[in-house]
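Nothing fancy with the numbering, it's 1 onward along the sequence.
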Amino acid sequence: MGIRSVFDGGELRREFEKNGIDGKFVGTIWKHVIGNNGKGESGDWDWEKQVPSLPSSAYSVLRSNFGGTKPLSSSLHSVFHSSDNLTSKLLIKLQNGAFVEAVIMRYDTRLGKYAGKPRPGGLRATLCISSQVGCKMGCKFCATGSMGFKNNLSSGEIVEQLVHASAFSQIRNVVFMGMGEPLNNYSAVVEAVRIMTGLPFQLSLKRITVSTVGIIHAINKLHNDLPGLNLAVSLHAPAQDIRCQIMPAARAFPLEKLMNSLQEYQRKSLQKILIEYIMLDGVNDEEQHAHQLGKLLETFQVVVNLIPFNPIGTLSQFKPTSEQKVSNFQKILRGTYNIRTTVRKQMGQDISGACGQLVVNIPDKSLARAEPLTDIEDLVI
């Protein structure tokens with residue numbers, strides 16, 4: 001067995017229990033690893049020096065099973081900054097040699113509106129993380145889908161993305177909207193979220209969002225496992241035939257059954273659901289589609305987030321919807337159906353860090369300054 005991540009909490013606790021070590025030391029270990037940014041002096045990691053006051057048997061377990069001479073199983077290969085300096089894309093190399101990407105998006109909470117008034121708060125960052133290498137869903141508008149599915153990430157590899165990102169920004173929100181379908185890696189995602197909400201990270205479940213194309217059997221148990229978590233659904237079409245056209249995996253998750261599942265999820269959780277809807281010219285952006293979507297969602301408590309399509313080079317068979325059509329679509333949902341509807345701001349296009357663009361590549365670096373944006377996560381809380 002290869003070296004495991006020290007943030008694979010279940011594995012670490014099992015090894016400690018097997019060796020008679022109190023599990024209370026796990027949080028202490030994580031705190032020191034984060035505090036040292038996963039690095040020792042001159043790049044050398046010494047468990048006894050970096051994490052003092054553990055039982056001697058704990059050091060033996062850590063060296064032999066969790067990182068050896070380094071505490072993280074992954075490494076930060078490269079960082080790319082958008083031209084407005086609001087977005088940073090982290091290229092992370094896993095132990096098996098594969099790469100995943102995570103994206104830091106910086107916002108100003110005060111730009112968000114609630115009940116017509118600016119939200120309290122200030123500058124903070126949201127981290128978009130990956131749950132798989134590649135993705136098996138094959139959505140035709142998404143660059144990640146072109147990679148195919150490579151492998152699932154362990155819970156520790158998921159959490160390590162937060163550790164790497166925390167060296168650049170104080171992360172307040174986490175969204176599972178990076179590479180992969182989170183609910184196809186259900187156990188690891190659930191454990192990763194539990195680690196993020198415990199010591200020493202202490203993120204609020206209200207600040208964590210898991211996005212899915214609609215894995216019905218997983219949605220059915222998500223609230224019981226992670227009560228309070230935000231759920232986002234990549235709907236992208238108001239009718240099953242259109243969904244199947246642009247999202248081949250939708251054939252396995254009929255729209256009627258998916259909506260019944262979401263109705264039950266909302267009944268249990270009493271939370272708004274974020275509906276993600278990518279705007280594709282001539283495919284799903286006509287007035288008739290807006291009315292279909294409004295009728296589909298009018299009995300739900302939702303926020304619909306209209307997402308301008310991001311080009312993905314020669315892979316793309318779609319064109320972006322015009323700003324006027326997006327605006328008309330939004331007006332129908334708001335005015336006719338009283339559905340809260342937003343338009344996602346574009347962030348990170350120039351470093352291929354925007355929605356749908358995450359595929360392992362190395363864009364050009366560039367830096368500049370700009371004003372922070374509001375964050376969709378402020379809208380569902």
Starting at [atom1] of [X], measure out to [atom2] of [Y] and round the result to the nearest 0.5 Å.
X    : Y    : atom1 : atom2 : result
L127 : M177 : CG    : CE    : 12.0 Å
F99  : I92  : CZ    : CD1   : 11.0 Å
L231 : Q271 : CG    : CD    : 9.0 Å
T342 : L333 : OG1   : CG    : 10.5 Å
L90  : F80  : CG    : CZ    : 9.5 Å
I273 : T209 : CD1   : OG1   : 12.0 Å

Under the 3.5 angstrom rule, does the side chain of [X] hit a backbone N or O of [Y] as a donor-acceptor pair?
X    : Y    : value
E181 : V213 : yes
N65  : L62  : no
E157 : S154 : yes
S169 : I171 : no
D46  : K49  : yes
D84  : L86  : yes
R340 : R334 : no
S204 : K206 : yes
H32  : I29  : no
H236 : I278 : yes

Which pair of non-hydrogen atoms, one from [X] and one from [Y], has the smallest distance, and what is that distance?
X    : Y    : answer
F201 : L162 : CD2-CD2, 3.5 Å
L297 : M259 : CD2-CE, 3.7 Å
F7   : L72  : CE1-CD2, 3.6 Å
L255 : P238 : CD2-O, 3.5 Å
L153 : S130 : CD1-O, 3.4 Å
L183 : L222 : CD2-CD1, 4.4 Å

State, yes or no, whether a side-chain contact exists between [X] and [Y] at a heavy-atom distance under 4.5 Å.
X    : Y    : result
F168 : L76  : yes
F253 : I215 : yes
S74  : Q95  : no
V33  : W45  : yes
E101 : M179 : yes
I275 : V303 : no
S166 : Q170 : no
R194 : V190 : yes

Notebook entry, point to check: Taking the six-membered ring of F300 as reference, does the NZ or CZ atom of K272 fall below 6.0 Å from its centre and within a 45° cone about the axis?
Noted result: no

Next item on the list: For this output row, return yes or no: ring centroids of Y337 and H291 closer than 6.0 angstrom.
Entry: yes

Next item on the list: Please find out if less than 6.0 Å separates the ring center of F329 from that of Y277.
Entry: yes

Checklist line | Co-membership, hydrophobic cluster, residues F149 and M137, 4.5 Å side-chain | finding: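 The answer is no; the residues belong to distinct hydrophobic clusters.
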
Check: Applying the 4.5 Å side-chain criterion to the ILVMFWY set and letting contacts propagate, would L12 and Y59 be lumped into a single cluster?
Finding: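 Yes.
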
Note to self: Apply side-chain hydrogen bond (donor to acceptor under 3.5 Å, both in side chains) to residues Q202 and T197 and explain how you reach the verdict.
What the structure shows: CA-CA 5 Å; Q202 290 188 291; T197 55; over 6 Å; no

Margin query: Run C128 and M105 through side chain to side chain contact (heavy atoms under 4.5 Å, CB included) and show every step you take.
Written below: CA-CA 8 Å; C128 177; M105 299 166 287; 3.7 Å; yes

Does a salt bridge link [X] with [Y], judged by any charged N lying under 4.0 Å from a carboxylate O?
X    : Y    : value
R14  : E17  : no
E286 : K325 : yes
E48  : R63  : yes

Note to self: Run the side chain to side chain contact (heavy atoms under 4.5 Å, CB included) test on V61 and K18 for me, step by step, so that the C-alpha distance in whole Å, both residues' side-chain angles and the decisive distance to 0.1 Å come before the verdict.
What the structure shows: CA-CA 10 Å; V61 169; K18 189 165 64 175; over 6 Å; no

Next item on the list: Begin with the C-alpha distance, continue with both residues' side-chain angles, and end with the deciding distance and a verdict on side chain to side chain contact (heavy atoms under 4.5 Å, CB included) for Q132 and N151.
Entry: CA-CA 6 Å; Q132 298 177 313; N151 62 268; over 6 Å; no

Note to self: Just by distance, no angles: are the side chains of D281 and T321 close enough, under 3.5 Å, to form a donor-acceptor pair?
What the structure shows: no

Checklist line | Residue pair N173 / Y107, side-chain donor-acceptor N/O under 3.5 Å | finding: no

Notebook entry, point to check: Does the pair S211 and E276 meet the rule for a side-chain hydrogen bond (donor to acceptor under 3.5 Å, both in side chains), with working shown?
Noted result: CA-CA 9 Å; S211 175; E276 299 171 292; 2.6 Å; yes

Item checked: Partner residues of E191 under the salt bridge (Lys or Arg N to Asp or Glu O under 4.0 Å) criterion, sequence neighbours left out -> none

Check: Under the salt bridge (Lys or Arg N to Asp or Glu O under 4.0 Å) test, which residues partner R251, sequence neighbours left out?
Finding: none

Check: Considering residues, nucleotides and ligands other than N224, do more than 12 of their heavy atoms fall under 6.0 Å from its CG?
Finding: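 Result for CG/N224: enclosed.
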
Next item on the list: State whether the number of non-hydrogen atoms from other residues, nucleotides or ligands found under 6.0 Å of E264 atom CD is greater than 12.
Entry: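 Yes, enclosed.
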
Next item on the list: Could you check S131 against N185 for side-chain hydrogen bond (donor to acceptor under 3.5 Å, both in side chains), going step by step and ending with a plain yes or no?
Entry: CA-CA 7 Å; S131 54; N185 190 14; 5.4 Å; no

Next item on the list: Could you please spell out the steps behind the salt bridge (charged side-chain N to carboxylate O under 4.0 Å, His left out) verdict for K295 and E298?
Entry: CA-CA 5 Å; K295 291 172 183 175; E298 60 185 347; over 6 Å; no

Note to self: Ring-plane angle category for H223 and Y265, please: parallel below 30°, perpendicular beyond 60°, tilted otherwise.
What the structure shows: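 It falls in the perpendicular class, over 60°.
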
Next item on the list: On the 0 to 90° scale, with breaks at 30° and 60°, tag the F309-F318 ring pair as parallel, tilted or perpendicular.
Entry: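 Perpendicular, since the angle between the ring planes exceeds 60°.
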
Checklist line | side chain to side chain contact (heavy atoms under 4.5 Å, CB included) evaluation trace for I158 with M196 | finding: CA-CA 10 Å; I158 294 171; M196 291 176 185; 4.1 Å; yes

Note to self: Does Q324 form a side-chain hydrogen bond (donor to acceptor under 3.5 Å, both in side chains) with N328? I'd like the steps, not just the answer.
What the structure shows: CA-CA 6 Å; Q324 184 60 52; N328 289 342; 3.0 Å; yes

